[in-house]
Each structure stands twice: as structure tokens, then as C-alpha cells.
Amino acid sequence: MTLRTRLGVAGGIVLAVLVAVGVLLPRTVRASQVDEVDRQLRAAAGPAMGMASGLVPPRRDEPAPEGSPLSDLYVARLDAGARQVVAMPSATSGREPDAPGPGTDPGEPEVATVGSLTGSGSWRAMVLPAHDGSQVLVAVPLDRVDATARRTTVAILAAGVAVAVAMAAAGWWLLRLGLRPIAEVTEVADAIARGDRSRRVHGGAPGTEAHHLARAFNVMLDEQAATEAKLRQFVGDASHELRTPVAAIGGFADLWREGAVDPDQLDDIMRRIGQESARMRGLVEDLLLLARLDQGRALAREPVDLAALAADAVLDASATHPSRQVALHAPEPVEVEGDEARLRQVLANLLSNALVHTDAATTVEVRAERRGDVALLSVRDDGPGMAPDAAARAFDRFWRADRSRARTGSGLGLAIVRSIVAAHHGEVRLDTAVGTGTTVRVVLPAPDRSQETRNQPAGAAEVPA
């Protein structure tokens, strides 16, 4: 059942209750007042018989005090069709009641509602037998009862109209705040499904649930658009990176097939094909690694000494870049839980970036140390540094500060570093500025081995690892 239908059903129930109250309450009030009038009428039967028989002076010219049982009393003798008025209420303006018919119980006079002989208005009346064979008509007008019932009916009708108007206003307000934004979200979703990705939801007053829904929907669309844009850029960059080695290999193959390759050039062409194949294989492996990391696949978990990894990385860099000065600061072991091969790749990528993007006079320093409950691994250089816009995109995939092909690399090195570190529940921080060099810090959680050592039995700590 929709919200609109529920509101309609609730409104119908409330209106039905109002109608029932409007019908029953005035009747209940009138019946209660009529019962009170009947009690007053029966209580005044004795004085009325006294007035009719002459024992009590009639009050045709001097009405009884207001509020007394006799103030609204009408008394008349009925004898052979003639009517002799003994008492007349002053508020009835000369109107007289009709006589009720004979009751079902001769011993008990019956009180009935009768109309007026002339004019409008109703009465509660009863006929009492007199000792001389005549009858005495005793009646009380129902003008006050009818007025009270009318006022009650008017009050209920006014209250019902006010409640209906309030319900209609509340329903309109609720539909406007609740259903219109939902309808707009549905409309925008249908438009996006048809291909219009630029549509956004603008409904909902600030601070309302509808506004939060619209904002969340827009944020979802923006994030999806950003993700799709990154995916398109990723596919385009990957295709661009793969196109160069594929084109080179295809070109060499076409030259050889057409007989345009001299025998003395064959070795050089095969070497170039091997280089381009290795480049393409490395790019594919990097893409597969990023895909596995994005899928959240678990890495190996074993004790790894970052100080030893840093020393190995510095030794490898010295072998591949013998003319560069690479310093190491790792005075003591720094143990973490992680995948040794991937952490080696982190160090290798960071060192490669520092060496490739700085000149021969630049000093590179690698540090591995423990600070509290974290392990800190950093690679610092005193090179030219990076501009703020370049630093903001340094970890983007396929992004390179130098877009020319003069430098090697696919632009995936730092992206792989960030993904590997994130898989180890750590973070990467980049500190750089133009003219001040660049420092990349890797922060990893480090277990407290000292507490484990203290909890081991005597001699357990001396067992070789």
C-alpha cells in the first residue's frame, strides 16, 4: 500500500469518526436533557394538580421564579374538549402544547413529546386524571433542550470542518515533503536509465528526510560518475600504454614478413621485440596486481623485518645505479606482519621513483624505524620537489608529472605502493614542495613483540626463529 493510499484510508477513518460523533453526540446530549426535563415534569405533577384544582393559586399573570421547577411549567384543565389554561411559561410567547394520546398504562401517566398547537417548538407533556373526571395537561417546553442540541451540533460541525481542513493541510504538506521528492528521485532514476547521466535531484527542504534522500542520491550519482570517469581514463591509459609495445612488435613482424629486414639487423630487431615484450608483460603484471588488491584478496602474513628489506633495497639500487648516492638509516630491526614480496615491491618502487625523477647530484635516503606501535618506512630525496597539483595526483594510476615519453615507467608505481600499503592496513604520506625535495612515508602497524617475549616460558625466547 502506497503512502498516498494510507493517508486516504486514515483520512476516511477520521472523517467517519467525526460523522459518527456529530450524529451521536447531539442525540445523546438531547436525550440526557430530555430525561432531566421528565424528572422535573414528574416532580411538578403534584403542584400542577393543586393549581388545576384551585388548591394552589394559578400563576398566569405572575410567573414562578426563574430556575424553579414551576418556571417552565404549562398547566391546563381539559374538560369535554375545552381547555382552561392554569399556568403558562412566559418564554413560549403564547404557544400551547398539543395533548398527548392515551398511554399504554392507565395507572402510570406517560410523558411524551408533542408539538405546538400554533407555531413551532416541541414539548414534553403528560395528562393526569383529576378527581372530578376531567384531565390536567402538564407540559414543559423543549426550547432550551433544542437550543442546546443545536449549539452542540454547530460546535461539532465547526470542529469537524476545522479537523478536516487541518488534515487536508497536513496531508498536502506531508505529500509535498514526502512524495514529491520520491517522485522526483524516481523520475531522475528513469532519466538516467534512459541515458541522461546529467540529471540530479533538487527536491526537499533543508533539514528534512527528503532533503537527505536527495543529497544521498546525488552523492551516489556523482560518485558513480567519478568512478566511471576514472574507469574510462584507466582503460584509455592502459590501452595507450599497451599500444606502443604492441605496435612495435607488430611493426617488426611486418618488416620481417615483407622481407625488409637485413640478416645483420635480425639480432637487433629480436632484442627490441624482447624489450617491448618485457615492457608489456610488466605492465600487464602491474595491472593484474592492482586488480587483485582492489578485490581485497588476502596477502601473506608473516613476520617481516623492514630494516633488512631497506638494506636489500639500497644494495639493489647501488647495483642498478652505481653513480648515485643512496644512504640507509636502519639502526635496529623493525618487525611487522605482512607480505615480504609485496613490501619489497613497495621499497623498490619508491626508490626507483626517487632515482629516476632526480639528477645524479641528488642524495636519496632510506629510513626504517619504529615509533610507538607503528613502523615507519620513508624514502627521502633533496631533489626539485613537486608542485601542489602534481603532488595531489601523484598516486593516481597512469599519471606522470612528465607526460613525455622521455622517461620510462607506466605511472603505476605509486598507485601500487598505495594499494599494497592499504592491504597491510597502513597509509602512505607524501611530503613535498618545489625546491625542498620529496619524502614518501609508509606507516604500518607494528605488533608489540616485547610483551609476547615476556609472556613466553623461560628459554623459549632463545629458540632460533
Side-chain angles (χ1 to χ4, degrees), residues 19-54 56-158 160:
V19 170
V21 171
V23 172
L24 295 178
L25 186 57
R27 293 186 177 182
T28 303
V29 171
R30 191 177 190 281
S32 176
Q33 290 188 330
V34 168
D35 290 341
E36 182 63 24
V37 169
D38 291 350
R39 284 193 294 270
Q40 293 178 0
L41 187 61
R42 294 182 186 280
M49 290 296 294
M51 286 188 292
S53 61
V56 177
R59 55 176 187 82
R60 296 192 61 182
D61 298 330
E62 183 180 355
E66 186 72 21
S68 70
L70 303 179
S71 62
D72 289 335
L73 196 64
Y74 173 90
V75 182
R77 289 178 61 87
L78 304 177
D79 189 8
R83 176 178 298 201
Q84 180 184 359
V85 178
V86 179
M88 174 73 74
S90 59
T92 58
S93 302
R95 290 184 292 113
E96 297 186 44
D98 194 4
T104 58
D105 187 1
E108 179 68 22
E110 182 178 353
V111 180
T113 300
V114 297
S116 299
L117 293 176
T118 58
S120 61
S122 59
W123 305 68
R124 290 293 287 178
M126 64 181 180
V127 176
L128 303 174
H131 296 292
D132 57 359
S134 63
Q135 292 178 324
V136 178
L137 174 61
V138 184
V140 174
L142 295 179
D143 295 349
R144 295 182 181 178
V145 174
D146 293 338
T148 302
R150 285 193 298 269
R151 288 195 297 268
T152 303
T153 302
V154 171
I156 292 176
L157 287 176

Pairing residues for D35 by the salt bridge (charged side-chain N to carboxylate O under 4.0 Å, His left out) criterion, not counting sequence neighbours: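 With neighbours one apart ignored, the set is empty.
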Partners passing salt bridge (charged side-chain N to carboxylate O under 4.0 Å, His left out) against R151 (at least two apart in sequence or in another chain):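 For R151, no residue satisfies salt bridge (charged side-chain N to carboxylate O under 4.0 Å, His left out) once neighbours in sequence are set aside.
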Non-neighbouring partners of T113 that pass side-chain contact (heavy atoms from CB on, under 4.5 Å), sequence neighbours left out: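 For T113, the residues satisfying side-chain contact (heavy atoms from CB on, under 4.5 Å) (neighbours in sequence not counted) are S122, R124, L142.
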Heavy-atom closest contact ([X] atom, [Y] atom, distance):
X: A44; Y: L73; value: CB-CD2, 3.9 Å
X: L137; Y: A125; value: CD1-CB, 4.1 Å
X: G121; Y: S116; value: O-OG, 3.0 Å
X: P97; Y: R83; value: O-NH1, 2.8 Å
X: G115; Y: W123; value: O-CD1, 3.8 Å
X: D98; Y: V114; value: O-CG2, 3.2 Å

Are side-chain heavy atoms of [X] and [Y] found at a separation under 4.5 Å?
X: R42; Y: V111; value: yes
X: V136; Y: L78; value: no
X: L117; Y: R95; value: no
X: D79; Y: Q135; value: no
X: V127; Y: P100; value: yes

[X] [atom1] to [Y] [atom2] distance, which is reported to the nearest 0.5 Å:
X: Q33; Y: Q40; atom1: CD; atom2: CD; result: 10.5 Å
X: E96; Y: M88; atom1: CD; atom2: CE; result: 4.0 Å
X: R144; Y: E36; atom1: CZ; atom2: CD; result: 12.0 Å

Polar side-chain atom of T153 near backbone of A149 as donor-acceptor pair, under 3.5 Å: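 Judged by distance alone, yes, a pair lies under 3.5 Å.
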Under 3.5 Å donor-acceptor, S32 side chain and T28 backbone: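 Checking the backbone N and O of T28 against the side chain of S32, no donor-acceptor pair under 3.5 Å is found.
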